[in-house]
Amino acid sequence: MTDPTPARVQETAAPPYRPSAHPPAVSAARARTFGSWYYAEHVLRSMNSYRWTLLASSVGTPVLYLFAMGVGLATLVDRTAAGAFGGVGYLAFLAPALLASATIMTAATEFTYPVMDGFKWRRVYYGPHASPLSTDQIVNGHIIAITARLTATTIIYFLIVAAFGASPSAAGAAAIPVAVLSGLAFGLPLMAYSAGVEEDKGQFALVMRFVVTPMFLFSGTFFPLDTLPVFLRWIGWISPLWHGTELGRALTYGYDVPAWLAVVHVLFLLVLAVIGWRRARTVYARRLGR
Amino acid sequence: MSTTPSGPPVISAQQLSKHYGDFRAVDGISFDVPAGESFGLLGPNGAGKSTTMRMIGGVSQRTSGRLTIMGLDPEEHGPEVRAHLGVVPQQDNLDEELRVRDNLLVYGRYFGLPMSYLRPKADELLEFAQLTDKATAKVDALSGGMKRRLTIARSLINEPKILLLDEPTTGLDPQARHILWDRLFRLKESGVTLILTTHYMDEAEQLCDRLVVVDKGRIMAEGSPAQLIRDHSTREVLELRFGSERNTTVAAELQGIGERLEPLPDRVLIYADDGEAALEQVTSRGLRPITSLVRRSSLEDVFLRLTGRSLVD
C-alpha cells in the first residue's frame, strides 16, 4: 500500500483515526473461505497464554521418560535380553512407542476437557457460533489448532529422542507425522464423544484410566505385542498406539514391517481419524444448533 | 421516539415457530422491525424470548414459519445474516484465557477484519465500554458488569447495524445496569437497530420504542410502552397491604372501587385513573390498610392483566 494522498482520503471519506469495517457481505465471504483458520487462530492464541507450561511439559515429559525407562530400564534389559528387540537396544525399541504415546496422551487431554469447556463450562464455542463461522468451521479450526499443538510437542519429543541417540535411522523424523496421525486417530473419535457429554460425571477420568492407560501398557509399547498371550493381542490391534508405534519403529530404526502391513497401519489410523472427524461435525452441529 | 423509522423491515417474522418434541417454545409469532427501531420482547422466563433471539441470530433452526433478516433467510444464508449482526447472548461466553483487548481482536477476526482495522477499533470500543484501563487484564478478573460491557463491546467489533441483546442486564446491580442502559441508548441514537429481550419492565420502558409481550411462545400484545399501558391498564394503581392474612378477605369489601381489583398474596392492587380518590373511598368504607401507595401503571401491570401472572417470580 502506498501512502494515501489527501485526494484519496477524501475519496474514501473516512476519518483517518476511525477506520470503518468492511461490509457484511465481505465478512461473510471471508468467513466462508477462511473461517476454520480464524477459529484455529483463536484457539492458538488461547493456548499461547499458557505457553510456558506447555513448553515445560513438552520438554520435561520426554526427558523424564527417556531417562527413567530408556536409560535406567534399558541398561538392565539390554544386559539380560540382548537381541530380543530385533538387534537394537531397548532404548531404540522403546523411543518410537514413547513418542507416539506422548502425542496420543496430549491428544487425549486436548480433545476432552477443552471440548467440554467449549460447550458447557465457559461456552467458548458459542461466541464464534454467533459470528459468520459455521459449526463445521469451529470443529475444523479446533482440530487445526490441536494438530499444530501436537506437532510442536512431537517435534520437541523427537529432538530429545534423537539427542539420546534413540533414532538411529535417517528416516527417523518421519515418525513425527506418524505420531501426530496416531494422536488424531485416537483424539478425533474422542472429540466426538466429548462433544456429546452433557455433564462431567468423571467420564474423562474413566477414559484416561480404562482406555488410555491399558492402551499405553498393552500396545506393544514396552515389549513386542507377540509376547502377549493371543487373547490379549486384540488390544494392540484396535489400538492406534500400536499401529503408530509399529510404523514409528520402522522409521526410526528400520524395524522390518512388510509393505502391506505398513499400508494397513496407515489406513487404520486414517480411517479412525476420518470417522471421528465426521462424527464430531454431526454432534457439534446438533448440540450448537438446538 | 423522535424518529419514525420507515422503509422495508430489517427483520420480518411470520408465524415463526419452534417446537422441541411436543413443547412449543415459540408458537406462531409474527412481527416486523424497521431499521433504527428499538424493539423489545418482554416476557417471563421460558416465554420463548431467547429461542426467538437464537432463530433471528441464525444459530437455531425454526420448525415452521418465515423469517428474514435484511431480506435473507438465516437458514439459507447463515454466514451472510450473522455478518450483519452483533450478538449479546444471555450468558457471557468470553474467552477467559485471553486478555480483555484480545477478546475483541479475536472476535473481529471471525469477520475477516484485518488487524489494521481491529487494533484502533478495539481501543475505541474499550473506551466506549469504559474498560480502557482493563485492556490488558485477564477476563476472569472483571466484575459481572464489566464482563457484560465487554460482551457488548465485542458484539460491536464488526460495526453491526442490528444488535441482538438477550437479557442484557440480568444479574447486574442497579448501578451497572444504568451504565449499560446509557451505552445502549447511545447506540440507539447512532441508528443501530436494537432487538432486546427482558423480563424487566423498567428496562423495556427505558429502551424500547415498541415491544411485544410474549407468554408461552405467543404474542399477547404489541405496541409502545405508553400505548400498552394505555390500552391494558389504568393511569394509576393503588397498592394496599393489609397483612398477608387479610389481603384476600379484604378484597371482597373493596369491590366497586376503581376499574379493576387484583388481589395478590402480599398486596391488593386497585386499578383506577385517580389513585388518591380511590384511597379516599377505601378509608371511607372504614378499611385501614397497613401501607398504601399510589403509583403510575407500568408494563408489569400490563403483563399481569394479560396473563394473570407477574413477570418475575
Side-chain angles (χ1 to χ4, degrees), chain A residues 1 14-51 53 114 117-138 141 285-290, chain B residues 18 20 51 53-54 57-61 70 72 75 77-99 102-103 105-114 116-121 123-124 138-140 151 154-162 164:
Chain A
M1 286 285 127
Y17 58 88
R18 197 180 176 285
S20 164
H22 53 226
V26 177
S27 294
R30 292 206 180 158
R32 277 188 189 273
T33 315
F34 304 111
S36 301
W37 300 99
Y38 294 154
Y39 190 61
E41 181 185 335
H42 177 165
V43 180
L44 287 170
R45 273 173 182 266
S46 296
M47 286 180 184
N48 187 42
S49 60
Y50 47 99
R51 60 185 175 278
T53 321
D117 203 28
F119 283 112
K120 182 153 180 149
W121 295 323
R122 283 179 289 193
R123 305 167 54 82
V124 178
Y125 289 144
Y126 290 88
H129 185 49
S131 83
L133 304 195
S134 68
T135 50
D136 282 355
Q137 289 174 327
I138 294 172
R286 203 168 50 210
R287 185 156 179 186
L288 287 171
R290 67 183 171 207
Chain B
K18 170 94 183 179
Y20 295 98
T51 310
M53 286 296 250
R54 286 169 49 75
V59 294
S60 180
Q61 297 210 332
M70 304 298 286
L72 298 168
E75 280 173 31
H77 304 278
E80 286 73 17
V81 164
R82 294 193 295 273
H84 276 98
L85 305 174
V87 179
V88 178
Q90 197 170 342
Q91 280 174 280
D92 288 325
N93 52 38
L94 298 160
D95 190 326
E96 306 206 356
E97 271 155 14
L98 293 177
R99 290 175 195 283
D102 292 340
N103 261 280
L105 299 178
V106 151
Y107 208 80
R109 295 292 295 144
Y110 297 158
F111 295 81
L113 293 161
S116 57
Y117 161 83
L118 287 172
R119 282 194 205 96
K121 185 70 190 176
D123 294 333
E124 180 196 318
K138 287 264 184 178
V139 169
D140 51 14
T151 302
R154 189 184 71 173
S155 73
L156 297 171
I157 195 77
N158 57 325
E159 300 189 327
K161 287 278 174 277
I162 307 170
L164 307 182

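In what follows, chains carry the letters A, B, and so on, assigned in the order in which the sequence lines appear, proteins first and then strands, with residues in each chain numbered from 1. Worth knowing before you read on, the calculation uses all heavy atoms, side chains too, and leaves out hydrogens, waters and symmetry mates.
By the 6.0 Å contact criterion, CZ on A:F34 is open, its count of non-hydrogen atoms from other residues, nucleotides or ligands being 12 or less.
Pairs engaging residues 124-133 of chain A under the salt bridge (charged side-chain N to carboxylate O under 4.0 Å, His left out) rule: none recorded [sequence neighbours left out].
Counting heavy-atom pairs closer than 4.5 Å to chain A, the top-ranked of the candidates B:M70, B:R154, B:H84 is B:H84. Ranking B:V81, B:L98, B:I157 against chain A, the residue ahead of the rest is B:L98, based on heavy-atom pairs under 4.5 Å.
Here the closest non-hydrogen pair linking A:A130 and B:Y107 is CB-OH, 3.9 Å. The two residues B:A83 and A:S27 have their closest heavy-atom pair at CB-CB, 3.9 Å.
Taking CD of B:E96 as the reference point, atom OG of A:S46 lies at 11.0 Å (rounded to 0.5 Å).
Not counting sequence neighbours, B:R119 has no partner by the salt bridge (charged side-chain N to carboxylate O under 4.0 Å, His left out) test.
Interface remark: B:K161 contributes no atoms to any contact with chain A (heavy atom separation under 4.5 Å). Contact annotation for B:L85: neither backbone nor side-chain heavy atoms come within less than 4.5 Å of a heavy atom of chain A. Looking at B:V87, the atoms closer than 4.5 Å to chain A (heavy atoms on both sides) all sit in the side chain, from C-beta outward.
Salt bridge present: B:E80 and A:R32 bring a charged side-chain N and a carboxylate O closer than 4.0 Å.
Contact check for B:P89 versus A:R123: no side-chain heavy atoms found under the 4.5 Å cut-off.
With hydrogens and angles disregarded, no donor-acceptor distance shorter than 3.5 Å links the side chain of B:Y110 to the backbone of A:L133.
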